[in-house]
Amino acid sequence: QDNRGPAHARNTGIAAASGEYVAFIDHDDYWFSRKIERQLEYIRMNPAVSVLYCMHNLVFERPEEECSWVPKIDNTYRYNWEIPSSMLLKKTIFDRIGMFNPFYRTAEDSDFFLRLKDAGIIQHVMPEVLFDKNIHGGNISSDIASNRKFLPLLLSESVKRKRLFKNMRISVVIPVYNPGEHLIACIDSVLAQTFAPYEIIIADDGSANDVRALLSEYNDGRIKYFQQDNKGIAGGRNLGLANATGSHVALLDSDDLWTEDKLMMQAVRLVSDSSVKAVFGYVRQFYSREVDEEYRARYAFDHGVSKGIHAGTILISLDDFMRVGLFNEELRLGELFEWFHRFRELGFAYAVIPEVVMYRRLHYNNNGIINKNDQGDFAGIFARIIKDRKKNEKT
């Protein structure tokens, strides 16, 4: 690739990597033959460890020269073990906190190490020397002025991340229309989150049944109820969003379920990775227990997991959601695809955590089944997307 700095180069390698683990070596360093073997042995004996470092030698190209960028302790050169050539880490770590930040032409590794710490990821150091670090006048770390310039910014960004995580208030919006017992399981999956939601907004889109009666078993002040005449799924979501008071929003349909770490994993990624505006996850579908064999045969599905660009998997700041705008209430189906198109048109980036964050229930009253006549909405949305893409290509 064209020269864009070490962060871009590392990210190019990470994106191409297909292994379970990733290790780095700077082109001027030298691994011992047992380096990877010893680190894999250690990490497999300590499965909770996600990032592993090791010790190393300092090899000076010109021992007589003063290397002012290498710290001294008791007049002896010491080098921090937190350097890329020392690391072995699970590739999933990049899904949890993002890649190296290309903003930093130097100190990109220091930024990454700080983000690891701030995210609470378990790291260990092996007390074993496993490579040589070569010190010479061409080391990027020898650019002391650049490193010092970035240090205050690195520390301030770390403080900002910790504050953002601590003060994150997630409003969960659940639109409902004539809900049954599935709503109880849905709410229970939200209340069971390891990252506790700030509020749970039940947006009643003109239900004929008594939704308040279903909610009566809950004595939790975070559960708030709002009602309107029927406007469709987009209108129901918009009712909830209009009444959200948190800093961030997550959506969930009343018949679906979240995995317990859904909000935690996504909150960590949003806080750790300033390059993304929204985080999605993976989805697994399941048949509701009441559906018969005829239904299951008619609506058969792949039992694997799928990438969930789905309303029920999103986490985004409320401000960023409103920059995109509310859902299009003229659409009875495909309202998320139309919203997501506007999201991308603004140049917003997103991430998809490769973990199941939602279980999608298949039952007799799925929106896509009872609103079959509205499937033409999809054709209109895709036609608009193609038209906008062609317009952007011309400009």
Side-chain angles (χ1 to χ4, degrees), residues 170 172-194 197 200-211 213-215 217-218 223 225 230 232-237 239-240 249-263 265-266 280-315 327 331-337 340 352-372 374-375 377-378:
I170 300 176
V172 179
V173 173
I174 304 175
V176 301
Y177 177 69
N178 296 333
E181 63 178 11
H182 298 158
L183 176 60
I184 303 303
C186 173
I187 294 174
D188 287 347
S189 77
V190 176
L191 291 173
Q193 290 296 297
T194 52
I200 303 171
I201 298 174
I202 308 299
D204 186 353
D205 187 45
S207 296
N209 61 343
D210 190 353
V211 177
L214 283 171
L215 300 176
E217 70 174 69
Y218 294 104
I223 299 177
Y225 175 81
N230 181 257
I233 186 66
R237 289 186 180 131
L239 171 65
V249 290
L251 308 171
L252 182 61
D253 290 346
S254 63
D255 46 2
D256 296 332
L257 307 170
W258 277 345
T259 56
E260 65 179 4
D261 290 327
K262 190 265 187 191
L263 292 182
M265 290 189 295
Q266 293 183 314
F280 297 86
Y282 275 47
V283 174
R284 187 185 295 278
Q285 299 191 101
F286 72 102
Y287 291 115
S288 198
R289 61 187 177 187
E290 73 273 11
V291 300
D292 59 25
E293 291 302 320
E294 181 185 354
Y295 176 97
R296 295 174 189 232
R298 183 182 305 170
Y299 301 107
F301 65 90
D302 184 350
H303 287 266
V305 299
S306 60
K307 225 177 209 183
I309 306 299
H310 186 288
T313 72
I314 193 172
L315 180 67
F327 292 106
L331 302 174
R332 305 291 291 190
L333 285 176
E335 75 292 335
L336 176 71
F337 291 101
F340 189 63
V352 181
I353 295 176
E355 301 281 348
V356 174
V357 299
M358 191 189 85
Y359 293 106
R360 181 173 181 265
R361 185 190 301 270
L362 296 178
H363 59 97
Y364 296 124
N365 295 316
N366 286 118
N367 192 45
I369 294 173
I370 63 177
N371 290 322
K372 281 183 179 179
D374 298 311
Q375 290 184 358
D377 288 347
F378 282 112

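We're numbering straight along the sequence, starting at 1. The basis for the numbers below is simple: all heavy atoms, side chains too, and nothing from hydrogens, waters or symmetry mates.
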Hey, is the main chain of Glu293 close enough, under 3.5 Å, to the side chain of Tyr287 for a donor-acceptor pair?
no
Show the numbers, then the answer: is there a salt bridge (charged side-chain N to carboxylate O under 4.0 Å, His left out) between Arg289 and Glu181?
CA-CA 12 Å; Arg289 61 187 177 187; Glu181 63 178 11; 3.6 Å; yes
Determine yes or no for a side-chain-to-main-chain donor-acceptor pair under 3.5 angstrom, with Arg361 supplying the side chain and Ser288 the backbone.
no
Taking the side chain as every heavy atom from C-beta outward, state whether Phe337 and Leu331 have any atom pair closer than 4.5 Å.
no
Where Ser189 and Leu252 come nearest, the two heavy atoms and their spacing
OG-CD2, 4.1 Å
Would you compute the distance between atom CD1 of Ile174 and atom CD1 of Ile187 and round it to the nearest 0.5 angstrom?
5.0 Å
Between Tyr225 and Asp204, do the side chains contain a donor N or O and an acceptor N or O under 3.5 Å apart?
yes
Report the C-alpha separation of Ile353 and Lys262 in whole Å, then their side-chain angles, then the decisive distance to 0.1 Å, and conclude whether the side-chain contact (heavy atoms from CB on, under 4.5 Å) test is met.
CA-CA 10 Å; Ile353 295 176; Lys262 190 265 187 191; over 6 Å; no
Which atoms form the tightest heavy-atom contact between His182 and Asp255, and what is the distance?
CB-CA, 4.0 Å
Atom pair CD1/CG of Ile314 and Leu336 - distance to nearest 0.5 Å
7.0 Å
Where is the tightest heavy-atom contact between Leu315 and Ala250, given as atom of each residue plus distance?
CD1-CB, 4.2 Å
Distance from Asp261 atom CG to Gln266 atom CD, nearest 0.5 Å?
11.0 Å
Could you tell me if the side chain of Tyr282 sits less than 4.5 Å from the side chain of Lys307, heavy atoms only?
yes
Please check: side-chain N/O of Asn209 versus main-chain N/O of Pro179, any donor-acceptor pairing under 3.5 Å?
yes
So which heavy atom on Pro175 is nearest to which on Gly236, and how close?
CB-C, 3.8 Å
Does some side-chain heavy atom of Leu239 sit less than 4.5 Å from a side-chain heavy atom of Ile201?
no
Counting only N and O atoms by type, is there a donor-acceptor contact under 3.5 Å from the side chain of Glu335 to the main-chain atoms of Phe327?
no
Less than 4.5 Å apart, side chain to side chain, heavy atoms only: is that true for Asp256 and His310?
yes
Any donor-acceptor pair under 3.5 Å linking the side chain of Asp292 with the backbone of Glu294?
yes
Which atom names give the shortest non-hydrogen contact between Leu214 and Leu183, and what distance separates them?
CD1-CD2, 4.3 Å
Would you find a donor on one side and an acceptor on the other, under 3.5 Å apart, between the side chain of Asp205 and the backbone of Val176?
no
Spell out, as yes or no, whether a donor-acceptor pair under 3.5 Å connects the side chain of Trp258 to the backbone of Ala192.
no
Within the structure provided, determine whether Tyr218 and Ile200 are in side-chain contact (heavy-atom separation under 4.5 Å).
no
Under a 3.5 Å distance rule, please check whether Arg296 uses its side chain to pair with a backbone N or O of Val291 as donor and acceptor.
yes
Under 3.5 Å: donor-acceptor pair, side chain of Gln193, backbone of Thr259
yes
Looking only at heavy atoms, which two atoms of Ile233 and Arg332 are closest? And how far apart?
CG2-O, 3.9 Å
Checking the side chain of Thr194 only, and the main-chain atoms of Glu260 only, is there a donor and an acceptor separated by less than 3.5 Å?
yes
Residue pair Val352 / Thr313, side-chain heavy-atom distance below 4.5 Å
no
